[in-house]
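Comments concern the structure below.
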Amino acid sequence: MHEDVERVLIDEGVIEKRLDILAERVMREFRGRELMVVVILKGALVFTADLLRRLPIPLEIECLNVASYHGGTESSGQVDFLDAKLPPVEGRFVLVVDDILDTGRTLAAVEKMLWEQGAQKVKSCVLLSKDKERAAEVEADFVGFGIGDEFVVGYGLDFQGLYRNLPYIGVLKEEVIGELS
Ligand code: 5GP
Ligand code: MG
């Protein structure tokens, strides 16, 4: 375990098994369709890469740069689209993938944008969903794991840009958050 991690919440083996089940469900939903996967960067990068390798169906990948945390451990409340061009989703069957559903603002804003851009169908998949009241009324169609309302890192999720490469989901030591904040 990394020395900055207080405890592991979900280990690598458990994540892998869950991905098999999620992939099955996504396949069932989009069978016979050409899928467009919209990855919300950077947090969903690791999760999406592992999920897509379990989806032997025709699909394209588009990336979306969205910021809401601005480096800290609390959502800023504002969702910014950082790309010069939005993904070409008109008439497409879209699966949005994010790392974690927290206040719901990111997913709500992204789904709204995709519908406005003319997507034919929009479904969402998140690795983690925090069990809490959402600021925006939204839930994901496919959820890896429900977790408590605490700040987690690893498997794509960062703190101050670090820890995305941990192969598990973990909670940082309090003194690490204090030092880097
Ligand atoms: P929401 O808009 O639902 O509040 O937040 C979604 C985004 O906030 C996620 O895509 C993720 O980037 C970030 N986020 C929310 N909770 C956590 C967390 O516990 N850890 C990390 N590293 N990022 C989080
Ligand atoms: Mg994110």
Side-chain angles (χ1 to χ4, degrees), residues 1-2 4-12 14-15 18-19 22 37-52 61-83 86-87 94-116 122-181:
M1 194 170 75
H2 191 290
D4 293 351
V5 173
E6 171 76 43
R7 68 199 143 86
V8 173
L9 209 59
I10 308 169
D11 77 31
E12 210 174 343
V14 174
I15 295 174
R18 185 64 187 159
L19 288 191
L22 278 182
V37 177
V38 172
V39 191
I40 302 183
L41 297 178
K42 303 169 190 164
L45 201 57
V46 177
F47 170 44
T48 311
D50 285 347
L51 183 69
L52 294 194
I61 305 174
E62 288 286 339
C63 296
L64 200 59
N65 256 297
V66 174
S68 66
Y69 258 47
H70 312 294
T73 63
E74 294 286 339
S75 173
S76 71
Q78 193 195 323
V79 179
D80 299 319
F81 289 92
L82 306 176
D83 300 298
L86 293 171
V94 179
L95 179 71
V96 190
V97 186
D98 204 0
D99 50 2
I100 187 165
L101 185 60
D102 181 22
T103 66
R105 286 191 186 102
T106 303
L107 194 57
V110 170
E111 288 190 349
K112 179 167 175 274
M113 177 279 288
L114 292 169
W115 287 120
E116 283 169 1
V122 178
K123 293 280 170 182
S124 55
C125 179
V126 295
L127 177 68
L128 305 171
S129 173
K130 283 190 189 173
D131 183 16
K132 66 191 279 185
E133 215 173 292
R134 312 258 181 249
E137 232 177 273
V138 66
E139 285 303 327
D141 297 292
F142 307 97
V143 176
F145 305 91
I147 63 168
D149 188 9
E150 62 184 335
F151 188 79
V152 294
V153 296
Y155 201 71
L157 291 121
D158 75 307
F159 175 61
Q160 306 277 43
L162 300 175
Y163 309 106
R164 294 191 197 274
N165 53 334
L166 298 177
Y168 49 81
I169 301 288
V171 176
L172 288 175
K173 291 177 179 163
E174 247 173 57
E175 64 260 33
V176 174
I177 290 180
E179 266 168 33
L180 292 178
S181 290

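Counting starts at 1 for both ligands and their atoms, in listed order. Keep in mind that this is a model prediction, so the values were computed, not measured. In what follows, every heavy atom counts, from backbone to side chain, and hydrogens, waters and symmetry copies are set aside.
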Presence of salt bridge, D102 and K132, under 4.0 angstrom: yes

contact_flag I40 ligand 1 heavy-atom lt 4.0 Å: no

Option with minimal heavy-atom separation from atom 19 (O) of ligand 1, where the choices are K130, K42, Q78: K130

Does ligand 1 have an atom that lies less than 4.0 angstrom from a heavy atom of L107? no

Does the residue I100 have a heavy-atom contact with ligand 1, meaning some pair of atoms that are separated by less than 4.0 Å? yes

State the atoms of ligand 1, each with its element, that fall below the 4.0 Å cut-off from a heavy-atom position in E150. 19 (O)

Looking only at atom types and distance, does a side-chain atom of D83 sit under 3.5 Å from a main-chain N or O of N65, one as donor and one as acceptor? yes

Residues at least two apart in sequence or cross-chain that pass salt bridge (Lys or Arg N to Asp or Glu O under 4.0 Å) with E116, listed by chain then number, are K112

May I ask whether F151 has any heavy atom positioned less than 4.0 angstrom from an atom of ligand 1? yes

Mind checking whether G104 has a heavy atom under 4.0 Å from ligand 1? yes

If we number the atoms of ligand 1 from 1 as shown, the ones under 4.0 Å from a heavy atom of D98 are 10 (O)

Could you pull out all donor-acceptor pairs under 3.5 Å where a side-chain atom in residues 137-151 meets a protein atom, sequence neighbours excluded?
from, atom 1, to, atom 2, distance (Å)
E139, OE1, R134, NH2, 3.3
E139, OE2, R134, NE, 2.9
D141, OD2, S124, N, 2.9
D141, OD2, S124, OG, 3.4
E150, OE1, R7, NH2, 2.7

